[in-house]
Protein chains: 2
Amino acid sequence: MKQKVTLKQIAKELDVSISTVSKALKDSVEISLDTRQKVKAFAKLYNYKPNNIALSLKNRKTKTIGVIIPEIVHHFFTTVIGGVEKVANEKGYNVIICSSNNSFDKEVINLEMLASGSADGFILSVAKETQQKKDYHHIEETMSQGMPVVLFDRIIDELVCDKVIIDDGKGAQTATNHLLSLGCKKIAILTTVDYISVGKLRTNGYLRALRAYDITAREDYILKIEDIDNCESEISDFLEDKDVDAIFAVNELFAVTAARVLNEQGKKVPDDVSIVGFTDGILSKHFIPSLTTISQHGEEMGVRAAKLLIDKLEGEEDIPEEYKTVIIDTSLIQRQSTKK
Amino acid sequence: MKQKVTLKQIAKELDVSISTVSKALKDSVEISLDTRQKVKAFAKLYNYKPNNIALSLKNRKTKTIGVIIPEIVHHFFTTVIGGVEKVANEKGYNVIICSSNNSFDKEVINLEMLASGSADGFILSVAKETQQKKDYHHIEETMSQGMPVVLFDRIIDELVCDKVIIDDGKGAQTATNHLLSLGCKKIAILTTVDYISVGKLRTNGYLRALRAYDITAREDYILKIEDIDNCESEISDFLEDKDVDAIFAVNELFAVTAARVLNEQGKKVPDDVSIVGFTDGILSKHFIPSLTTISQHGEEMGVRAAKLLIDKLEGEEDIPEEYKTVIIDTSLIQRQSTKK
DNA sequence: TAACCTTACGAAAACGTTTGCGTGTGGATA
DNA sequence: TATCCACACGCAAACGTTTTCGTAAGGTTA
């Protein structure tokens with residue numbers, strides 16, 4: 001097993017100093033052409049690659065971006081990561097991904113671990129628990145140590161940093177408007193409990209849309225789902241004997257589950273009930289009927305977040321700090337789950 | 001902006017040497033109780049965290065596992081990552097994830113980058129292009145430098161290393177058997193071109209199952225799909241006027257697309273045609289009808305792969321190398337797409 | 001031939017740790 | 001009082017780089 005070759009070893013073999021080797025490999029004019037060629041040939045032969053760790057230590061930067069997301073098995077988040085990777089790789093950055101599993105503790109651990117030398121900055125979407133706890137000391141601390149943080153999707157208003165979000169309210173409004181423009185009058189919403197920020201924002205958008213159409217929102221048309229994993233029974237109970245002609249679901253799962261429930265209750269989508277979802281994932285695309293939905297443009301979010309972060313990382317140290325909040329446009333994708 | 005505090009700074013403040021601080025923090029008996037307490041209090045106050053990079057350099061290990069997968073936006077791979085993370089975190093390892101995007105070049109770049117100091121070992125599923133090119137020098141080189149590699153799912157037979165796979169052939173056989181036991185006689189298969197190893201293996205399993213039932217396989221019941229992204233037209237043409245009573249699809253996408261096509265052609269699933277898929281992803285679970293499928297137990301694969309890798313990483317240096325191939329059992333999940 | 005300039009290279013510090021070993025101080029022992 | 005031993009701590013090397021600065025050798029100029 002041939003071990004990794006270092007400058008020192010090359011230097012020894014060639015009977016020159018470490019600095020000579022280092023300079024030769026960088027084509028420094030300080031070193032004679034002769035020596036340069038000799039060193040390079042040798043390095044190539046032994047497949048020399050500079051040790052990243054040593055470089056990081058020396059340069060005090062890792063050229064690595066840390067990404068922390070609530071769930072790794074999640075289509076939207078992976079599309080965001082895709083966008084981050086794209087930009088990062090173009091700019092010569094590596095990406096480390098960690099999942100907090102929606103746990104506050106794991107988020108803290110991951111962040112602290114990456115912050116202690118492994119990454120130069122962070123792109124993060126906070127865990128559900130963190131949103132509940134409203135404890136952001138770990139993020140604040142990271143920033144106060146000079147490491148930039150970009151928040152996306154599930155952001156925290158109180159934190160002063162770059163952010164990339166979609167206009168959840170506007171997206172929801174668009175979705176609801178679409179249903180209204182189709183002539184639907186009795187539009188129910190399947191949403192989350194309020195402490196999930198995006199759920200709340202989307203609910204508000206729905207309410208605004210109704211108001212603009214002079215339709216009074218009905219409490220009994222709003223379902224705030226507690227237990228996402230067992231949403232089917234909640235939705236089923238909710239929809240039982242309810243005379244709605246449209247449903248706006250704040251995520252994909254609620255949308256397809258509603259479709260499934262309606263199906264079981266003998267109602268047709270979109271003929272009897274139209275459905276609009278949120279998030280353009282696998283399910284929306286391939287479901288029968290395919291789902292009209294609001295696309296969040298996950299990849300674009302990732303791209304923008306990575307750019308913001310890298311700008312901060314490569315910007316001048318002491319220019320006055322200035323933080324941006326990028327709002328990505330959502331778009332309505334019309335498919336089969338809403339009647340024409 | 002308070003910068004990260006180092007041993008040196010603490011030492012200076014407290015007017016002791018760096019080594020004293022280091023030892024005090026480790027509760028060394030060499031240091032007086034008094035000093036120890038003072039140092040620890042100070043360290044806590046300033047939130048001292050040892051610099052991982054420096055530690056990695058010193059210890060010549062990073063306590064990091066590199067995971068390279070062909071696609072990040074892919075349910076199966078993310079479940080595997082979930083399993084890897086679980087084990088890794090338990091054992092104090094960090095996980096770096098990179099996607100090769102199915103490109104050979106990017107796989108090489110990612111591997112080399114992580115191999116030059118960022119990770120101690122690798123868990124990897126090779127890119128499509130790599131399977132075609134049959135060029136594995138980057139993986140061989142990584143191993144020859146003493147970094148263990150565990151291959152999973154899309155493995156390479158020629159490479160001598162730990163592997164975690166499912167028995168694709170057996171899984172396919174189980175799927176086909178299930179259809180046969182339901183009384184289906186005319187079973188088509190939707191598979192991939194042959195260079196995708198898992199596609200080929202699954203096709204073979206399908207053929208074996210038919211043979212065991214004394215049914216002659218028909219060429220015109222086998223569709224090898226080239227362009228996965230546009231599989232719908234291929235499947236649609238294939239199924240046109242074809243009098244099949246069952247379909248075995250080697251992945252989720254083919255399965256739901258087949259269902260969609262059948263739906264458009266006015267055939268009912270499962271009444272007219274039964275469908276069995278492969279991979280238990282989001283789609284299979286939530287589709288209407290939900291899909292009978294072969295579960296690959298992605299998380300379990302990740303768990304096993306991580307364990308194998310960590311065993312190698314923490315094992316004695318010079319025990320005779322011994323490589324294992326773990327075969328994860330698949331299981332048939334019966335849902336609504338196959339009639340009872 | 002003395003002064004100077006190039007050329008080509010090496011020494012050493014720095015990044016932040018850990019750790020084996022050396023050492024000064026003070027008290028106990030002989 | 002000379003010897004010895006704990007005790008408590010510091011020095012320095014090592015991990016692999018990069019880079020500044022110093023310098024020896026040789027050639028050129030006045």
Separation of C/dA8 P from A/Leu14 CG (nearest whole Å): 17 Å

Presence of A/Ser56 side-chain N/O under 4.0 Å of D/dT17 phosphate oxygens OP1/OP2: no

First encountered from the 5' end of DNA chain D, between A/Tyr48 and B/Leu33: B/Leu33

Any pair counted as ring pair (Phe, Tyr, Trp, His ring centres under 6.0 Å), so long as it reaches residues 108-143 of chain A, sequence neighbours left out: A/Phe104-A/His138

Sugar-phosphate only, base, or nothing, as touched by B/Leu55 at under 4.0 Å among non-hydrogen atoms: sugar-phosphate

A/Glu299 side-chain N/O to A/Thr79 backbone N/O, donor-acceptor pair under 3.5 Å: no

Where do N or O atoms of nucleotides 10-15 of chain C meet protein N or O atoms at under 3.5 Å, pair by pair?
| from | atom 1 | to | atom 2 | distance (Å) |
| --- | --- | --- | --- | --- |
| C/dG10 | OP1 | A/Ser17 | N | 3.3 |
| C/dG10 | OP2 | A/Ser17 | N | 2.8 |
| C/dG10 | OP2 | A/Ser17 | OG | 2.9 |
| C/dG10 | OP2 | A/Thr20 | OG1 | 2.0 |
| C/dG10 | O6 | A/Lys23 | NZ | 2.4 |
| C/dA11 | N7 | A/Ser19 | OG | 3.3 |
| C/dA11 | N6 | A/Ser19 | OG | 3.3 |
| C/dC15 | OP2 | B/Lys8 | NZ | 2.9 |
| C/dC15 | O3' | A/Arg60 | NE | 3.3 |
| C/dC15 | O2 | A/Lys58 | N | 3.4 |

Whole-Å distance separating the CD atom of A/Gln9 from the C1' atom of D/dT17: 14 Å

Interatomic distance, B/Asp34 CG vs D/dA8 P [rounded to whole Å]: 10 Å

Interatomic distance, A/Leu25 CG vs C/dC9 P [rounded to whole Å]: 13 Å

Evaluation steps, side chain to side chain donor-acceptor pair (under 3.5 Å), between A/Glu141 and B/Asn47: CA-CA 10 Å; A/Glu141 192 151 293; B/Asn47 192 28; 2.2 Å; yes

For atom OH of A/Tyr46 and atom C1' of D/dG16, their distance in whole Å: 19 Å

For atom NZ of B/Lys26 and atom C1' of C/dT18, their distance in whole Å: 7 Å

Sugar-phosphate only, base, or nothing, as touched by A/Ser32 at under 4.0 Å among non-hydrogen atoms: sugar-phosphate

Residues A/Thr20 and A/Ser17: side-chain donor-acceptor under 3.5 angstrom: yes

B/Thr35 and B/Ser32: side chain donor to acceptor below 3.5 Å: yes

Donor-acceptor pair, side chain of B/Asp120 and main chain of B/Thr62, under 3.5 angstrom: yes

Nearest-angstrom distance from the residue atom NZ of A/Lys61 to C1' of D/dT17: 15 Å

Rounded distance in Å - CD (A/Gln37) to C1' (C/dA8): 15 Å

Donor-acceptor side-chain pairing of B/Ser99 and B/Glu71 below 3.5 angstrom: no

